Number of protein chains: 2
Amino acid sequence: LTRQRTGRRVGASGTREAILAAARERFGEVGYDRATIRSIAAAVGVDPALVHHFFGPKDRLFAAAMRLPMVPSDVVDAALTFPGAAAMGAGVKASAGKVGAGTAGAGKAGAGGGMGGEAVASLGDHVVRTVLSVWDVDEVRSAFLGLLRSAVTSDEAAAMLREFATDAILGRIAQVAQAATGDGDGEYRAALAASQMLGLALARYVLRIAPIAQASNEELAAAIGPNLDRYLTGDIRPPTRPPGTSAPPE
Amino acid sequence: LTRQRTGRRVGASGTREAILAAARERFGEVGYDRATIRSIAAAVGVDPALVHHFFGPKDRLFAAAMRLPMVPSDVVDAALTFPGAAAMGAGVKASAGKVGAGTAGAGKAGAGGGMGGEAVASLGDHVVRTVLSVWDVDEVRSAFLGLLRSAVTSDEAAAMLREFATDAILGRIAQVAQAATGDGDGEYRAALAASQMLGLALARYVLRIAPIAQASNEELAAAIGPNLDRYLTGDIRPPTRPPGTSAPPE
């Protein structure tokens, strides 16, 4: 009698909340990587499949547990998906091995007015625009800065955020960079791009350095986008000496 | 009798400490900009000239009051002074107005092996190397991260750090960028470069994102240096439409 439909709905909602509470506790205690969905499910006494059914992959459970107003991987996927993506990927792939050719192409695509007055954004340009438009939303910016604050003040929180970012954000960017360059530097490239976006957030919203705090999203995309393009697809390694030549004198 | 030489030395040392304590209090209370040397001297009951005599300009007093193990403006001056500086400045000036020509030249100077096996570093390359070598020193890195932590957790500390950085760090970088490009974007360029270096510190020392935490200074200079060159001397503005043409359709 108590297990009628409405009763079950309340029960499901209670279970969801219990899972989120357990997840929050577990993520805080052992970090993102070691907090398995299995261990969170066990803490609540439900099947791991139910956790997945309710929340999806672990990064979405984390976002829900941390009460983030959006799922970061959705933002990353949106940032990495843009009209010129296919063209750029092809261009970069075709020129793989040629030093810097990929970036130059991407940069030109971003800077040029394009055909018929419509600018074709480069990948970096699109990433900056997408991320800034998400940070424009008060709750999203607050949640992001809250995570950043906790990471800067606590080693445990920093580890948790690093593990989460590696799984849900950097991995996706690394895949795109890797597909474009094929050089095995995907993770390094993703981390470099992330360092610029982290610094942008710090300068624009925390330190509020005037020229960056006052710049429009458009201006920042033009300034920063090509630099992200270089990190993601350009020549980022120290010059290699031709084989057989000796090291330069110190 | 008590005013013999040794006595005076103790007195001078006491005065120095009193000035530093007053400076610390004043900087914390009203921020960097509004804490004048005059007001700090008044709090201790000494002549402003004595404060200047002991500590030099305000940014050096701030560094001493905050117990920084080095004076940031010294690091910035070292970072901005490098063997290729004169050549780069001339190159950029000669090509001012030509879109991107300055950066391309600087990038090539940095990437090329140079004549006789000696690489000529670009400005950005030199900035990254200098700053990383300073951050390699434990006490310096700790002091820097301490300032960053306080800025991230307190609006007042953020304002103080912003005002200090604008006076002692960004202004110097802006001057160099302005001299090289002559385009009036010096402060914006300096802020962009600072955003990248702030993000690098966050990624390398706070979040410890693996590929950046493990990279050598050499590798990071090669990856990040050319991006700083672009911020400082390259084409960073959105493409301008030729006069008389209409805006592209949205």
Side-chain angles (χ1 to χ4, degrees), chain A residues 99-100 111-114 116-119 145 148-149 151-153 158-159 161-162 165-166 170 185 187-188 190-192 194-204 206-212 215 218-219 221-224 226-227 230-231 234-239 241 245-249, chain B residues 99-100 111-114 116-119 145 148-149 151-153 158-159 161-162 165-166 170 185 187-188 190-192 194-204 206-212 215 218-219 221-224 226-227 230-231 234-239 241 245-249:
Chain A
V99 162
E118 275 193 49
L145 294 178
L148 200 60
R149 252 176 213 114
V152 169
T153 46
L161 190 58
R162 172 183 63 243
T166 302
L170 298 173
D185 272 337
E187 290 177 16
Y188 185 40
L192 288 165
S195 81
Q196 173 59 82
M197 294 308 288
L198 284 168
L200 172 61
L202 210 53
R204 186 167 170 87
V206 177
L207 293 176
R208 295 185 192 142
I209 299 173
I212 285 190
E218 179 92 18
E219 287 170 322
I224 297 171
N227 278 14
R230 184 172 163 278
Y231 284 151
D235 179 26
I236 56 164
R237 286 290 174 185
R241 290 180 290 278
T245 60
S246 62
Chain B
V99 160
E118 277 194 48
L145 294 178
L148 200 59
R149 254 178 211 112
V152 169
T153 46
L161 189 59
R162 172 183 63 242
T166 301
L170 298 173
D185 272 336
E187 290 178 17
Y188 185 39
L192 288 164
S195 81
Q196 173 59 83
M197 296 309 287
L198 284 168
L200 172 60
L202 209 53
R204 187 167 170 86
V206 178
L207 293 176
R208 297 185 189 140
I209 299 173
I212 285 189
E218 178 90 18
E219 287 170 321
I224 296 171
N227 277 14
R230 185 171 163 278
Y231 284 150
D235 178 28
I236 56 165
R237 285 291 175 184
R241 289 181 290 278
T245 60
S246 61

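What you see is a predicted model; the values in this text were computed from it and never measured. Naming convention: chains lettered A, B, ... in sequence-line order (proteins, then strands); numbering from 1 in each chain.
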Inset, instruction - Indicate yes or no for a side-chain donor-acceptor contact from B/Arg230 to the backbone of A/Ala223 under 3.5 Å, with no hydrogens or angles considered. - result: yes
Inset, instruction - Using a cut-off of under 4.5 Å on heavy-atom pairs, state which of A/Leu198, A/Ile212, A/Leu170 scores highest against chain B. - result: A/Ile212
Legend entry - Among the listed options B/Ala165, B/Ser195, B/Pro238, the residue most often paired with chain A at heavy-atom distances under 4.5 Å: B/Ser195
Legend entry - Non-hydrogen atoms of B/Glu219 and A/Arg237 that approach each other most closely: OE2-NH1, 3.1 Å
Legend entry - A/Leu202 versus chain B, the contacting section by heavy-atom distance below 4.5 Å: side chain
Inset, instruction - Considering only heavy atoms and a distance below 4.5 Å, find which of B/Ile224, B/Thr166, B/Leu200, B/Asp185 pairs most often with chain A. - result: B/Ile224
Legend entry - A/Ile209 CD1 to B/Glu187 CD distance, which is reported to the nearest 0.5 Å: 11.5 Å
Legend entry - Spacing of CG belonging to A/Leu148 relative to CG belonging to B/Leu207, to within rounding of 0.5 Å: 7.0 Å
Inset, instruction - Would you mind checking which part of A/Ala190 comes under 4.5 Å of any heavy atom in chain B, side chain (CB onward), backbone (N, CA, C, O), both or neither? - result: neither
Legend entry - Contact summary for A/Tyr231 and B/Gln196, nearest pair of heavy atoms: OH-OE1, 2.7 Å
Inset, instruction - Apply side chain to side chain contact (heavy atoms under 4.5 Å, CB included) to the pair B/Leu145 and A/Val152, showing each step before the final yes or no. - result: CA-CA 9 Å; B/Leu145 294 178; A/Val152 169; over 6 Å; no
Inset, instruction - Answer with side chain, backbone, both or neither: which region of B/Leu192 has an atom nearer than 4.5 Å to a non-hydrogen atom of chain A? - result: both
Legend entry - Heavy-atom donor-acceptor pair, B/Arg149 side chain to A/Thr153 backbone, under 3.5 Å: no
Legend entry - Among B/Ala222, B/Ala159, B/Ala215, residue most engaged with chain A (heavy-atom pairs, under 4.5 Å): B/Ala222
Legend entry - Pick from A/Ala158, A/Ala201, A/Ala151, A/Ala191 with the largest number of heavy-atom pairs that fall under 4.5 Å of chain B: A/Ala191
